[in-house]
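One structure is given here, and the rest of the page talks about it.
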Amino acid sequence: MDTTLKTGVVKQQLSDILLDISWAKIAQKYFGKSSSWMYHKLDGIDGNGNKSDFSYSEKLQLKNALFDFSERIRRAAENIEP
């Protein structure tokens with residue numbers, strides 16, 4: 001098993017939506033963290049510039065946050081009357 005820490009993997013997986021979402025708001029609303037925390041996580045570094053990544057539980061939390069956010073967008077779209 002490869003134990004090498006691969007940084008920035010989550011950022012690559014989110015590349016399609018990366019510029020369309022306020023990651024600062026995601027960090028605050030779903031993690032209770034600062035925008036710099038989220039951007040460091042996405043860049044695969046910690047606050048000291050060392051290699052780091054989302055933990056398993058943080059990945060699950062991010063996944064659920066994006067599911068929740070997508071559902072909120074869908075509900076908002078459904079409320080638009082043509």
Check: Asn50 main-chain N/O paired with Asn48 side-chain donor or acceptor under 3.5 Å: no

Nearest non-hydrogen partners of Lys11 and Leu42, listed with the distance: CB-O, 3.0 Å

Shortest non-hydrogen separation from Met38 to Ala27 and the atoms involved: CB-CB, 3.6 Å

Salt bridge (charged side-chain N to carboxylate O under 4.0 Å, His left out) between Arg74 and Glu71, intermediate numbers included: CA-CA 5 Å; Arg74 187 191 60 74; Glu71 179 63 23; 2.3 Å; yes

Asn79 CG: over 12 foreign heavy atoms closer than 6.0 Å: yes

Validation: residues 58-70 side-chain donor-acceptor distances under 3.5 Å, sequence neighbours left out:
unit_1: Glu58; atom_1: OE1; unit_2: Lys41; atom_2: NZ; d: 2.9
unit_1: Glu58; atom_1: OE1; unit_2: Ser55; atom_2: N; d: 2.8
unit_1: Glu58; atom_1: OE1; unit_2: Ser55; atom_2: OG; d: 3.4
unit_1: Gln61; atom_1: NE2; unit_2: Tyr30; atom_2: O; d: 2.7
unit_1: Asn64; atom_1: ND2; unit_2: Leu60; atom_2: O; d: 3.2
unit_1: Asp68; atom_1: OD2; unit_2: Tyr30; atom_2: OH; d: 2.5
unit_1: Ser70; atom_1: OG; unit_2: Leu66; atom_2: O; d: 3.3
unit_1: Ser70; atom_1: OG; unit_2: Phe67; atom_2: O; d: 2.8

Mutual orientation of the aromatic rings belonging to Phe54 and Phe31 [parallel < 30°, tilted 30-60°, perpendicular > 60°]: tilted

Please output the side-chain donor-acceptor pairs of residues 17-26 that fall under 3.5 Å, not counting sequence neighbours, one pair per line with the distance.
unit_1: Ser22; atom_1: OG; unit_2: Lys25; atom_2: N; d: 3.3
unit_1: Trp23; atom_1: NE1; unit_2: Leu18; atom_2: O; d: 2.8

